[in-house]
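Only one structure is covered here, and it is reproduced in the block below.
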Amino acid sequence: MKRYRRNAFTSLAVLSALALVFITAAIADTTKIEGIIVGRSGNEVIVQYLQGAELAFLLNDSTKVSQVGGVFKARRTDKSMAALIPGLKVKVEGERNGSGQLIATSVKFSGDDLERAQVAAAANRQQHEEHQAEMERQAAALREQNEQLKQQQAEIASHKAQIDAAVARFGQMDDYYILDELTVYFVNGKTAVDAKYEAPLLELATKAQSINGYVIEVKGYASTAGSTEVNQRLSEDRADNVTNMLLQKGHVPLTRILAPGAMGEAHQVGKDTSAEGQAQNRRVVVRVLQNKAIAGI
């Protein structure tokens with residue numbers, strides 16, 4: 001009899017332990033959280049709770065979505081899953097399936113929270129649309145700038161061709177009278193023409209147009225400060241900028257301008273050991289020339 005009782009007691013203890021395991025497993029497989037939906041992709045919602053922790057729930061045909069109301073939140077209204085939008089405060093219950101995925105069995109939210117989330121979503125959509133519109137405007141402006149750049153490059157190529165033609169025309173005429181001359185000085189490392197030279201350059205251009213068979217020679221120079229390569233480019237850019245002013249504002253025909261000369265560090269007129277000498281060497285010399293043969297006609 002005692003042995004039978006001992007066996008019965010042992011069996012009861014085993015059954016109790018198994019029941020406890022099953023209950024613990026069931027509890028572990030059930031999840032309840034309250035948080036904010038921070039992401040939604042198809043049938044998956046991501047809910048953020050506590051201090052930044054997140055859980056992903058899968059929605060299926062068995063998921064019950066409802067809006068609660070009333071003083072004690074006892075009134076419930078079934079809602080579509082479409083109401084589960086980012087920013088919505090929810091209470092979610094879920095269970096793990098055999099694959100370890102968390103399936104949402106119940107999702108609840110209040111009408112006030114849904115309204116706030118919808119307002120925020122509308123504001124985000126408007127902001128996104130405005131951003132997209134601004135991006136499109138910027139893209140259109142960039143396309144227009146590229147078209148203008150292409151047009152300018154085509155014009156420059158045309159100008160170069162005309163200048164080359166002028167060089168071919170006047171290249172053999174090496175005996176000139178110098179009828180007028182102007183020197184334009186530049187700031188160290190700069191190629192922009194100072195505004196104070198605009199009037200003298202335009203006056204020179206106007207006088208030149210009264211001379212039979214005139215041509216204008218433009219030569220750019222640089223000081224020896226810096227590298228030779230950089231100085232060569234500076235002298236070229238300075239000569240080009242002066243030439244452009246004569247073309248655009250002085251209305252001098254391209255056929256009357258000799259190809260701008262980039263002399264670099266050649267023909268230093270001032271001592272580069274002093275700031276004053278360097279300033280004298282950073283220059284463009286503009287001359288109005290008349291071929292002696294034409295002058296004799």
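Counting begins at 1 with the first residue of the sequence.
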Within-4.5 Å side-chain heavy-atom neighbours: [X] and [Y]:
X      : Y      : answer
Asp180 : Ile211 : no
Leu258 : Val218 : no
Leu179 : Leu289 : no
Lys64  : Asp78  : yes

Do you reckon [X] sits in the same ILVMFWY cluster as [Y], going by side-chain contacts under 4.5 Å, direct or chained?
X      : Y      : result
Ile36  : Val90  : no
Val65  : Leu59  : yes
Leu102 : Val47  : yes
Leu50  : Val92  : yes
Ile216 : Leu182 : yes

State the [atom1]-[atom2] distance between [X] and [Y], to the nearest 0.5 angstrom.
X      : Y      : atom1 : atom2 : answer
Asn281 : Asn188 : CG    : CG    : 11.0 Å
Arg287 : Tyr176 : CZ    : OH    : 12.5 Å
Ser106 : Phe57  : OG    : CZ    : 10.5 Å
Leu247 : Met245 : CG    : CE    : 11.0 Å
Leu55  : Gln48  : CG    : CD    : 11.0 Å
Asn124 : Glu129 : CG    : CD    : 11.0 Å

Legend entry - Salt-bridge contact Glu236-Arg233 (side-chain N to carboxylate O under 4.0 Å): no
Inset, instruction - May I ask you to say whether Arg143 pairs ionically with Glu147, meaning some side-chain N is under 4.0 Å from a carboxylate O? - result: no
Legend entry - Intermediate values then yes/no, salt bridge (Lys or Arg N to Asp or Glu O under 4.0 Å), Glu203 and Lys207: CA-CA 6 Å; Glu203 182 180 357; Lys207 290 181 179 178; 3.4 Å; yes
Is it the case that the side chain of [X] and the backbone of [Y] share a donor-acceptor pair, with hydrogens and angles ignored and the cut-off at 3.5 Å?
X      : Y      : result
Glu181 : Val285 : no
Asn231 : Ala225 : yes
Asn60  : Thr63  : yes
Thr206 : Leu202 : yes
Ser274 : Gly277 : yes
Arg238 : Lys190 : yes
Ser223 : Arg282 : no

Identify the two heavy atoms, one from [X] and one from [Y], that lie closest to each other, and give their separation to 0.1 Å.
X      : Y      : value
Tyr49  : Glu34  : CB-O, 3.5 Å
Leu84  : Arg40  : O-NH1, 3.0 Å
Gly220 : Ser235 : O-CB, 3.4 Å
Ile85  : Ala121 : CD1-CB, 4.4 Å
Gly111 : Gln67  : CA-NE2, 3.4 Å
Gly189 : Leu234 : O-CD2, 3.7 Å

Legend entry - Full working for side-chain hydrogen bond (donor to acceptor under 3.5 Å, both in side chains) between Gln132 and Glu136: CA-CA 6 Å; Gln132 287 294 109; Glu136 291 176 1; 5.0 Å; no
Test the [X]-[Y] pair against the cation-pi criterion, namely NZ or CZ under 6.0 angstrom from the six-membered ring centroid and within 45° of the ring axis.
X      : Y      : answer
Arg283 : Tyr221 : yes
Lys89  : Phe109 : no
Arg256 : Tyr214 : yes

Legend entry - Gln127 atom CD, over 12 foreign heavy atoms within 6.0 Å: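 No, because the 6.0 Å sphere around CD of Gln127 holds 12 heavy atoms or fewer from other groups.
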Legend entry - Heavy-atom neighbours of Glu115 CD exceed 12 at 6.0 Å: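 No, not enclosed.
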Legend entry - Stepwise side-chain hydrogen bond (donor to acceptor under 3.5 Å, both in side chains) test for Gln138 and Glu134: CA-CA 6 Å; Gln138 292 179 4; Glu134 178 62 24; 3.2 Å; yes
Legend entry - Sole candidate of Val286, Leu204, Val184, Val284 that passes side chain to side chain contact (heavy atoms under 4.5 Å, CB included) when paired with Tyr197: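 Testing Tyr197 for a side chain to side chain contact (heavy atoms under 4.5 Å, CB included) against Val286, Leu204, Val184, Val284 leaves exactly one candidate, Val184.
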Legend entry - Residues Arg116, Val119; criterion side chain to side chain contact (heavy atoms under 4.5 Å, CB included); working and verdict: CA-CA 5 Å; Arg116 280 191 287 269; Val119 170; 5.8 Å; no
Inset, instruction - Take Asn244 and Gln248 through the side-chain hydrogen bond (donor to acceptor under 3.5 Å, both in side chains) test and state the conclusion after the steps. - result: CA-CA 6 Å; Asn244 287 335; Gln248 297 172 8; 4.5 Å; no
